[in-house]
Amino acid sequence: MKKILVVDDDPYILMSLEFLMKKNSYQVMIARNGTEALETINTDRPDLILLDIMMPDVDGYSICKHVKSKKELKNIHVVFLSAKTKEADIQKGMDLGASLYITKPFSTRDLMKKVNEILV
Amino acid sequence: MSQFFIVACSVLYLLLLFLIAYWVEKRNKKNTNKSWIYALSLAVYCTGWTYYGSVGRATTNGPEFLSIYLGPSIMCALFVPLLRKLLRICKTQRLNSIADLISTRYGKNYTLGVIVTLCCVIGIIPYIALQLKAISASFHIISSQHSPVHIINGNNDTFVIAAILSLFIIIFGTRSVDASERHEGLVAAIAFESIIKLIAFLAVGIFATYYLFDGFRSVFNAAKEAGFDQFFTLNKGLGNNDWLAMILVSMLSIIFLPRQFQVSVVENTNEKNIYRAMWLFPLYLFLINLFVLPIAMSGKLLLGSSVSADTFVLSLPLNFNQPLLGMLVYIGGLSAASGMIIVETIALSTMLSNHLFLPFVFSLQKAKFNDEKSTVHKIIYSRRTSIILILLMACCYNKWIASSTSLVNIGLISMAAVAQFAPATIGGLYSKMITRQGAITGIVSGFLIWFYTIIIPNVVDAGYLSTDIMLYGPFDIFWLKPQALFGMSTQGLLAHSFFWSIFFNLGLMILVSMCTSATRQEEYQAELFVNIYKYEGITGGPGMWKASAYLSDVSSLLTNFIGKTRAENLLSSYAQRHKIPLTNKEADPRIIDFSEKILTGVIGSASARFLISNIAKEEEISIDKVLSIVKESQQVLELNKELKKKSGELTKAKGELTEVNEQLMRLDVLKDEFLYTVTHELRTPLTSIRAMSEILCDNPEMEEEQRQYYLEGIVKEIERLTYLITQVLNLERYESGRQKLHYAAVDISLLIKDVLSSLETLIKGKSITVEFIQPSSMILVQCDEDMIRQVIYNLISNAIKFVPENAGSIHIICRTDIDEMQVWVSDNGKGVPEELNELIFDKFFQAKNQTLQKPTGSGLGLAICKRIVEMHQGRIYVEQVLPQGAKFVFTLPNS
């Protein structure tokens with residue numbers, strides 16, 4: 001069973017994503033902020049991270065950078081979910097090695113399809 | 001006294017003059033005459049007539065003689081602008097005589113030059129003759145031991161005197177062909193002569209007043225006792241009208257007598273010289289007239305009527321055994337007369353040569369001037385011939401025509417003759433309407449009337465005509481009687497003549513001018529004369545010639561007249577000054593113009609124009625064009641100034657625009673950011689709503705409790721969205737000014753408590769201590785309650801947002817004074833850095849500075865607060881709180 005980490009500071013989004021992932025038979029871990037996310041990544045390595053960017057403590061970019069810079073974490077897929085829609089922001093995310101950059105608001109059906117494709 | 005001694009003294013004196021002239025010429029290479037020399041040379045006005053004749057006139061007419069000195073003094077003192085303008089014109093156009101001036105003003109016209117020259121010769125020759133007579137007579141008085149009853153007429157020795165003087169004039173007057181070139185030496189000699197005659201006259205005056213009598217009072221008393229009333233009254237002899245006529249005539253003569261024109265204009269180097277002459281010349285006239293009355297009185301008292309009053313000056317010292325003083329007086333008289341003869345002859349000869357002889361010679365030769373030497377010689381010979389001719393004519397006049405006319409009368413006659421030039425000249429200086437035909441008619445008619453009313457009576461007196469014409473008029477037409485034209489008989493011969501001649505002169509000039517129109521050449525000259533000061537400093541002067549002359553032709557023409565070296569020097573220095581290349585085949589128009597001016601100095605303007613037009617393909621540009629060129633060059637200067645100012649203004653405006661533009665760009669960027677922020681803010685609740693809705697939709701089998709939870713979430717997020725949109729719209733409304741304020745008396749304390757209770761959940765959630773320090777009494781403020789509530793709500797919820805969890809504390813103070821009510825909201829959060837004190841009230845501030853932090857508000861709260869407070873005429877600001885935290889203050893005015 002593949003493990004997915006969902007990181008977002010908005011409780012409703014977090015809740016919705018958790019429900020979705022579970023329903024699609026993934027093992028789900030959640031983090032309400034960046035610090036929690038980093039802890040979880042290090043202790044319980046996920047296969048994929050659904051990552052928000054704007055968080056009060058550590059932002060999504062830094063988390064992605066951290067993941068991609070570590071040899072043992074490099075293979076974790078990072079999918080950004082962000083309200084930042086500027087081209088430059090998207091480019092920055094992709095440059096950091098993310099598999100996908102999805103802008104909010106998104107379709108949960110599309111998201112599921114894409115996550116499934118990545119984790120096949 | 002032996003004749004030999006006197007002749008020797010005379011010759012020695014003249015030799016001294018030669019030496020002075022020679023020495024000054026040698027030494028003074030720079031063309032600068034000192035202003036006092038200039039002023040003294042003007043005293044050439046005082047001739048032998050003044051020297052001997054004033055006493056004569058005073059003896060018969062009393063103080064009337066003074067009028068001819070009053071005129072020049074008035075002119076000097078009051079008419080400086082006229083003199084200055086005249087001087088400026090003559091200098092820029094290189095004019096060297098009154099004839100040249102008038103002919104140039106009216107289009108460089110030959111005829112006018114000839115007319116003026118002839119008038120001058122006819123009018124002045126008797127005057128020169130008179131001076132010769134004065135010298136000869138004084139010589140006879142001093143050489144014969146007994147006093148002659150009359151000045152001996154028509155003696156041959158005037159020829160000898162004339163011969164000696166003509167030699168002097170030829171040597172120093174025709175040294176250079178350029179008549180406009182000044183005669184420095186000659187002027188110095190004239191100034192010296194002025195000093196000598198003044199000293200001599202003062203000496204004899206002092207002798208008569210203080211040696212023969214005991215001062216002014218004693219002379220005057222003696223005269224009174226002897227019953228010589230004429231010394232004290234003005235009504236004797238000629239009438240009252242003559243007073244005014246004499247003053248007017250002499251005023252004009254100081255400019256129009258050829259010798260005065262010569263010294264005051266032609267020989268002057270510096271306009272500023274006028275300013276010293278303004279007072280020095282009248283002072284000179286005052287001094288030389290100081291002793292006229294005492295001398296006349298003592299002569300009359302001591303010598304009686306056995307001696308001619310005209311000779312008192314000389315007879316007094318001789319009769320009282322003062323031969324040396326007599327000698328001094330004789331030399332003084334010689335100075336006065338010779339000075340006048342020299343300058344007058346030079347001036348007349350220039351006119352005669354330039355306006356009569358040379359045009360004649362040139363037209364004979366059809367302007368073939370291939371030989372430089374012969375042309376120069378021709379000019380010099382022509383001028384020398386003129387000098388000899390003039391003096392010869394004067395001698396002949398003495399021998400055959402000179403009547404018993406008193407010395408003073410002849411002087412006045414000449415002055416009245418040259419006064420005829422005044423209307424055409426002065427009119428031409430100040431008005432452009434007078435035409436050539438008008439000037440000619442005026443001068444000719446004025447001169448004819450002068451001749452008829454002054455000369456004819458004299459000719460009758462001399463016995464050449466029957467007295468019938470005086471008594472009954474010509475052909476018995478009584479109203480044409482020379483001394484009572486049109487039946488108007490005045491007591492004064494001069495006043496009568498002057499009135500009618502100037503009346504017709506002026507009247508006909510204006511009349512004819514109105515009926516005729518000026519040629520282009522005339523219009524052009526008129527513009528140059530009338531508006532002379534306008535053309536100051538314009539390079540090379542505006543030329544009438546439009547190209548089309550070969551440079552070689554121009555330079556060879558100049559060479560013929562002034563010699564190769566001088567021509568080359570003048571041309572190259574002019575070209576250098578005005579940066580004109582001399583390599584082109586075609587001559588620059590300015591070069592042609594300049595050459596014409598040089599030639600004008602040598603041969604007069606009419607001849608110069610004639611010669612230049614021979615070599616230049618005449619292509620006169622219209623006066624309008626010339627004037628527009630001139631105007632353009634003036635306007636360019638003004639335009640330059642204006643442009644500089646404009647450019648400065650533009651630079652300033654550009655700076656302002658750049659600033660505004662930058663501000664706009666900043667605002668534009670901010671607007672973009674705002675939009676981005678707003679949409680960004682909208683995205684988060686939208687995301688939740690969409691995700692939850694889709695889940696509800698896709699999972700009908702969900703448990704009821706969970707479903708309820710999702711639905712509540714959706715409702716909350718929609719509320720959040722609504723709030724955000726409301727705030728954006730509110731701000732937009734406040735900023736556009738569409739929002740109306742609903743004023744009411746509001747209890748601020750109550751309002752604050754209200755807000756605090758609505759925020760209670762949040763405060764409790766973060767365990768924040770809130771302290772509200774209430775005012776002692778109720779504060780009522782006129783304001784819009786809903787809007788002020790927003791302000792208080794935003795400030796407190798901001799404070800809640802930034803204070804640390806569990807340790808947060810918020811203080812709220814409300815206070816009032818006469819002017820305003822204040823609300824403080826301070827917290828112990830992270831505070832606001834000082835440099836952001838202003839910026840945080842910008843509506844987009846948060847977007848810019850919290851990109852990495854999810855904003856917990858709309859980012860519009862403070863902007864809205866600021867807007868609302870400002871709408872209430874209040875202030876809002878933030879301060880630092882020590883050790884940590886921010887204090888937001890807003891005020892509302894109490895009135």
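We name chains A, B, ... by the order of the sequence lines, and we start the count at 1 in each one.
Here A:Leu20 contributes atom CG and B:Asn699 contributes atom CG; the two are 7.5 Å apart, rounded to the nearest 0.5 Å. If you take CE on A:Met15 and OH on B:Tyr709, they are separated by 5.5 Å, rounding to the nearest 0.5 Å. Residue B:Met702 holds its CE atom at 4.5 Å from CZ of A:Phe19, rounded to the nearest 0.5 Å.
When each of A:Asp8, A:Asp10, A:Asp9 is paired with B:Thr684, the side-chain contact (heavy atoms from CB on, under 4.5 Å) condition holds for A:Asp10 and for no other.
Under the 4.5 Å side-chain criterion, counting only non-hydrogen atoms from C-beta, B:Arg683 is in contact with A:Thr85. Taking the side chain as every heavy atom from C-beta outward, A:Lys104 and B:Leu686 never approach each other to under 4.5 Å.
Relative to the six-membered ring of A:Tyr12, B:Lys716 misses at least one condition, a distance below 6.0 Å or an angle of at most 45° to the axis.
Heavy-atom contacts from other residues, nucleotides or ligands closer than 6.0 Å to CD of B:Glu834 number 12 or fewer. More than 12 heavy atoms of other residues, nucleotides or ligands sit less than 6.0 Å from atom NZ of B:Lys766. Summarising the local packing, CD of B:Gln884 is surrounded by more than 12 heavy atoms from other residues, nucleotides or ligands at distances under 6.0 Å. Residue A:Arg32 qualifies as open at atom CZ: its count of foreign heavy atoms under 6.0 Å is 12 or below. Annotation: B:Glu805, atom CD; neighbour count of heavy atoms from other residues, nucleotides and ligands within 6.0 Å is above 12.
Both the backbone and the side chain of A:Lys86 come within less than 4.5 Å of a heavy atom of chain B. With a 4.5 Å cut-off on non-hydrogen atoms, A:Ser107 touches chain B through its backbone and its side chain both. Looking at A:Asp89, only its side chain comes within 4.5 Å of chain B, counting heavy atoms on both sides.
Listed here is the closest heavy atom pair of A:Arg109 and B:Glu694: N-OE1, 3.9 Å. Closest heavy-atom contact between A:Ile13 and B:Ser688: CG1-OG, 3.3 Å.
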One pair to check against side chain to side chain contact (heavy atoms under 4.5 Å, CB included): A:Ser16 and B:Arg690. What are the steps and the verdict?
CA-CA 10 Å; A:Ser16 305; B:Arg690 182 170 185 179; over 6 Å; no
